[in-house]
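Only one structure is covered here, and it is reproduced in the block below.
Per chain, numbering begins at 1; letters A, B, ... match sequence-line order. A quick note: this is a predicted structure, and the numbers were derived from the prediction, not measured.
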Protein chains: 2
Amino acid sequence: MDNLDRKILAVLQSNARASLQEIGQAVGLSTSPCWERIKKLELGGVIEGYTVRLNAQALGFADTVMVQVTLDSHSDNTLEKFGETLAAIPEVIEAYLVSGEYDYLLRVAVKDTRDYERLLRERLYKIKGVRHSKSSFVLRTLKKADLPLV
Amino acid sequence: MDNLDRKILAVLQSNARASLQEIGQAVGLSTSPCWERIKKLELGGVIEGYTVRLNAQALGFADTVMVQVTLDSHSDNTLEKFGETLAAIPEVIEAYLVSGEYDYLLRVAVKDTRDYERLLRERLYKIKGVRHSKSSFVLRTLKKADLPLV
DNA sequence: CCTGAAAGTATAGGGCC
DNA sequence: GGCCCTATACTTTCAGG
């Protein structure tokens, strides 16, 4: 992992479909070393995959909600069950176990506030062990950046 | 935007470098309509770009911190200044203006706890108008999913 | 690391239902 | 309007130096 690798990753962050020629031009190498480096980064697990940045709004997900969740018990069992339950809820896009005043932070994507109310009532409130939750609706996204590599 | 478009997007979500042949096979179309649909989704702004999923750990960002920020004043001016300041801090990966008990939620990527302490002291605490902040370190990532499309 | 050749892919024309 | 097929230019992939 040298500076050239990081430059290549920076290019791929901004356009994962850039051709090897474009990447090579940007970092000052010919296509073959770029290709070899990328394969190494893929095999080494630095590159986990390639994905598309989608406009959630355009796809009908008008609202994003950040949910703080506090559990009753912190036994291994409760914790694991909670994780499994979240995995099965497609609206839950991200879920983190965190330190601090609450236990979990979720990022949830929903069509509208009614959809969110349904999710809370029918899904989150039904999960055993959840003491309480606090919802924060995202009013505006100020920043969404890539990891700083160079 | 029909079901085929959503299927194509689902394929791209899981692998943005899938060839048109693979995409076509997955959705039951030949390559040309897939290509046309993708171009339309790009031009229509549904597809905002293509990016790479990177292993933050492997790149030296061992810690992720979620920071709740509360501002003193809620004037347009303070709000805008705050947004601009955040834009210039590379460690701040995401920033949301939210409803609820606090004003902003930030996702911050740092090398270690010392790096985070430095960021707090030298950057966040220096921003005018910040009343207080609460940090939650991410202990474990339970889920990181794509938007549910089909 | 480079050059370069072979296999695979994106892009765009024309035709079909 | 949306599909399929086909030709050409570009890309990926991997040899040999």
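- The closest side-chain heavy-atom distance from B:I127 to B:R123 is not below 4.5 Å.
- Close to C:dA10, at under 4.0 Å from its OP1 or OP2, lies no side-chain N or O of B:W35.
- Atom CD in B:E22 sits roughly 11 Å away from atom C1' in C:dT9 (whole-Å rounding).
- To the nearest angstrom, P of C:dT11 lies 16 Å from NZ of B:K40.
- Ring planes of A:F82 and A:Y104: tilted class, angle from 30 to 60°.
- In this entry the distance linking CD1 of B:I23 with C1' of C:dG8 reads 15 Å, nearest Å.
- Looking at A:R53 and B:E48, no side-chain N of the basic residue comes within less than 4.0 Å of a carboxylate O on the acidic one, giving no salt bridge.
- Using a 4.0 Å cut-off between charged side-chain N and carboxylate O, A:R37 and A:D2 make a salt bridge.
- What separates CZ of A:R17 from P of C:dT9 is a distance of 12 Å, to the nearest Å.
- Looking at A:S32, its side chain comes within 3.5 Å of the base of C:dT3 through a donor and an acceptor atom.
- Spacing between atom CG of A:L20 and atom C1' of C:dT3 amounts to 15 Å, rounded to whole angstrom units.
- The two residues B:L106 and B:A95 come nearest to each other via the heavy atoms CD2-CB, 3.7 Å.
- A:I93 has its side chain within reach of B:P148: a pair of non-hydrogen atoms, C-beta onward, lies under 4.5 Å apart.
- What separates CD of B:E36 from P of C:dA12 is a distance of 10 Å, to the nearest Å.
- You can see that DNA chain D meets the heavy atoms of chain A within a 4.0 Å-exclusive cut from D:dT11 to D:dC14, reading 5' to 3'.
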